[in-house]
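For reference, the structure discussed in these notes is given below.
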Amino acid sequence: MQGTKAKTLNRKASSRVVALAWPLILSNVTVPLLGLVDTAVMGHLPDSDYLGAVTLGATLFSFLYWGFGFLRMGTTGFVAQAHGRNDAGALRELLAQGLVIAAAIGAALIALAPWVVPAALSLFDASPAVTGLANTYATWRIASAPAVLANYVLIGWFLGLARTRVTLVLMLVNNVINIVLDLWLVVGLGWTVAGVALASVIADYLALATALALAAAHLRRLGGRLLPARLAEPARYLRLLRVNAALFVRTLCLLFAIAFFHAQGARFGDDILAANAVLMQFLMLTSYALDGFAHAAEALVGEALGRDSRRRLAAVVRAATLWSLVSAVLASVAFAMAGEAIIALLTDLPRVRAIAADYLPWLIALPLVAVWSYLLDGLFIGATRARAMRDTMLVAVIAVYLPAWWLTRGWGNHGLWFAFLLFTLARSGGLGLVFRRADYGAGWLPADPLTPGGRGG
């Protein structure tokens, strides 16, 4: 009887992981579509400086906004746990707190932009013409900061509620509006880089309006009430801010690791830099699926912890592990069988193709190593164990990645890929050790076995 219940719970967990993951995977796939349209629109203008400027500006804002991704991650774990407890008041308060923090950070970014943007653009060492156009792009695009950050909070809130289809809707709204406005403002009105930036700003605010409308509709059904006076109490933000601060450091370390990889690759010449960029797209393709299952795990782990249910937690971990591994294995097999064909789709430069093919074995191995970091990130975010994520990331960068790169400099670009692979392995291994010490997540549950549903529930 007990075995039958366990099998039923495992099947339900597996079905829920897939049901939550597929809208997230589809929403991830829509992201590069916008980049392709931006590139196509700018690429048909008479001067290549326009394309270079938008590429430069978009890269800057991708890194800038990605750095504040903790607003999404930190919100999801807390909301999922409150959802598991059926605590409507906490769900309202978490949403309001997140939006207050996003608005504050967004306003600060706009205020600091006249100093931060020129300093950041100078790091790219582009021509004066491209830098000037990129600055024009940034001057318009920074206006979207409050909307982008608020959307992170809302997406995290809906993920915590296990409503992943809302994420797909919001991504489609944002990208479709952005593409239509791109074509109208640039092709129709001839606004060049300002048109591309303004299209993004308008799309971000319309996506925010959509998200707020959907959240308001859900809150009407949810019940509970928010005490506005609580939003003015700094103490009520402390737990959320502690988690977000740890996630911020963790994200900065990850951004550094990626930027360092590309910077060192550039030292080997333009062809190797281009080949590395092509191969990094393989990792991006893998992340579409792995991120989907990791985000599903965030919601379900938080819900299980909110319900104090060890059996639910174990079932979610098993299901998320299974589907993540299946995705990673399929990716590795696909790269082994069709890697050179994928490279050919991404570039028609013979020299870059040949170099990328030489380093392809690293990308065949990488999904089988990276899968654990994606999966464990999802489990730890759902449990709001951000400090462990921060600490293991710091160790992976400082004690593994940089020393491995230094010791293998004589290997050329192979040494760089080896160091990056070890860094990914160290991230996974560090979190894996912490997860094992936490009795595979059971240690995150209340210690009192008499708690209703606790540990044995």
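Note: hydrogens, waters and symmetry copies are ignored here, and every other heavy atom, side chains too, is used.
In this structure, R409 forms no cation-pi arrangement with W411, as its terminal cationic atom is not both closer than 6.0 Å to the ring centre and no more than 45° off the ring axis.
Counting heavy-atom neighbours within 6.0 Å of R353 CZ, excluding the residue itself, gives a total above 12. Residue R85 qualifies as enclosed at atom CZ: its count of foreign heavy atoms under 6.0 Å is above 12.
Ring-plane geometry between W323 and F293 is classed as parallel, the angle between the planes falling under 30 degrees on a 0 to 90 degree scale with a further cut at 60. Ring orientation note: the planes of F68 and F248 are close to parallel, at an angle under 30° on the 30°/60° scale. Between H414 and W362, the two ring planes are tilted [angle within 30° to 60°].
Here the CG-CG distance, from L94 to L99, works out to 11.0 Å after rounding to the nearest 0.5 Å. Note that the OG atom of S327 and the CG atom of L322 stand 9.0 Å from one another [nearest 0.5 Å]. Separating the CE atom in M393 from the CZ atom in R390 is a distance of 12.5 Å, to the nearest 0.5 Å. Rounding to the nearest 0.5 Å gives a distance of 9.0 Å between CG of L181 and OG of S200. The distance from the CG atom of L285 to the CE atom of M280 is 13.0 Å, given to the nearest 0.5 Å. Separating the CD1 atom in I355 from the CG atom in L360 is a distance of 13.5 Å, to the nearest 0.5 Å.
When all heavy atoms are compared, the tightest approach of F335 to L363 is CD1-O, 3.5 Å. When all heavy atoms are compared, the tightest approach of A370 to L283 is CB-CD1, 4.5 Å. Across all non-hydrogen atoms, the minimal contact from L91 to H83 is CD2-N, 3.9 Å. Among all heavy-atom pairs drawn from A320 and A297, the shortest one is CB-CB, 4.0 Å. For the residue pair L394 and C253, the shortest heavy atom distance occurs at CD2-SG, 3.4 Å. Here the shortest heavy-atom pairing between A19 and T164 reads O-OG1, 4.0 Å.
Between I258 and W66, some side-chain heavy-atom pair lies under the 4.5 Å cut-off. In this structure, L172 and L26 have side chains that are not in contact, with every pair of non-hydrogen atoms separated by 4.5 Å or more. Put simply, the side chain of L375 does not reach to within 4.5 Å of the side chain of L290, judged on heavy atoms. The closest side-chain heavy-atom distance from L425 to L421 is not below 4.5 Å. Residues F282 and I342 form a side-chain contact, since some pair of their non-hydrogen atoms from C-beta on lies under 4.5 Å apart. Side-chain contact between L24 and D291 is absent, with no heavy-atom pair separated by less than 4.5 Å. In this structure the side chain of V395 never reaches within 4.5 angstrom of the side chain of R427, judged on heavy atoms. Side-chain contact check for F268 versus L273: every heavy-atom pair is 4.5 Å or farther apart.
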Intermediate values then yes/no, ring pair (Phe, Tyr, Trp, His ring centres under 6.0 Å), W157 and H218: CA-CA 11 Å; W157 193 74; H218 187 76; 5.8 Å; yes
Evaluation steps, side chain to side chain contact (heavy atoms under 4.5 Å, CB included), between V148 and L208: CA-CA 8 Å; V148 171; L208 173 59; over 6 Å; no
Trace of the side chain to side chain contact (heavy atoms under 4.5 Å, CB included) decision for I202 with L198: CA-CA 6 Å; I202 295 172; L198 183 59; 3.9 Å; yes
Check against ring pair (Phe, Tyr, Trp, His ring centres under 6.0 Å), W417 and F261: CA-CA 8 Å; W417 278 107; F261 178 90; 4.7 Å; yes
Test side chain to side chain contact (heavy atoms under 4.5 Å, CB included) applied to T286 and L366, step by step: CA-CA 9 Å; T286 306; L366 201 54; over 6 Å; no
Audit row: E303, R16, salt bridge (charged side-chain N to carboxylate O under 4.0 Å, His left out) steps and yes/no: CA-CA 12 Å; E303 181 184 297; R16 289 198 71 194; 2.8 Å; yes
Check against side chain to side chain contact (heavy atoms under 4.5 Å, CB included), F435 and R385: CA-CA 10 Å; F435 189 56; R385 302 285 164 159; over 6 Å; no
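Judged by distance alone, the side chain of T75 and the main-chain N or O of G156 form no donor-acceptor pair under 3.5 Å. Distance alone, capped at 3.5 Å, is enough to place a donor-acceptor pair between the R92 side chain and the L219 backbone. Judged by distance alone, the side chain of S428 and the main-chain N or O of T424 form a donor-acceptor pair under 3.5 Å. The backbone N or O of T321 lies less than 3.5 Å from no partner atom in the side chain of S324, so there is not a single donor-acceptor pair. Using modelled atom types, one side-chain atom of T251 and one backbone atom of L247 make a donor-acceptor pair closer than 3.5 Å. With Q81 contributing its side chain and G382 its backbone, the two residues share a donor-acceptor pair below 3.5 Å.
For the 3.5 Å distance criterion, the side chains of N151 and D204 fail to qualify, holding no donor opposite an acceptor. A donor-acceptor contact closer than 3.5 angstrom links the side chains of T76 and R72. Defined by atom type and a distance below 3.5 Å, a donor-acceptor pair is present between the side-chain atoms of Y65 and S144. Side chain to side chain, W444 and D439 fail the donor-acceptor criterion of an N or O pair below 3.5 Å.
A ring-centre distance under 6.0 Å is not found for F420 and W405.
Between R250 and D391 there is no salt bridge, since none of the side-chain N atoms of the basic residue sits less than 4.0 Å from a carboxylate O of the acidic one.
By the side chain to side chain contact (heavy atoms under 4.5 Å, CB included) test, T392 is found to be paired with L431, V434, residues two or more places apart in sequence or in another chain being considered.
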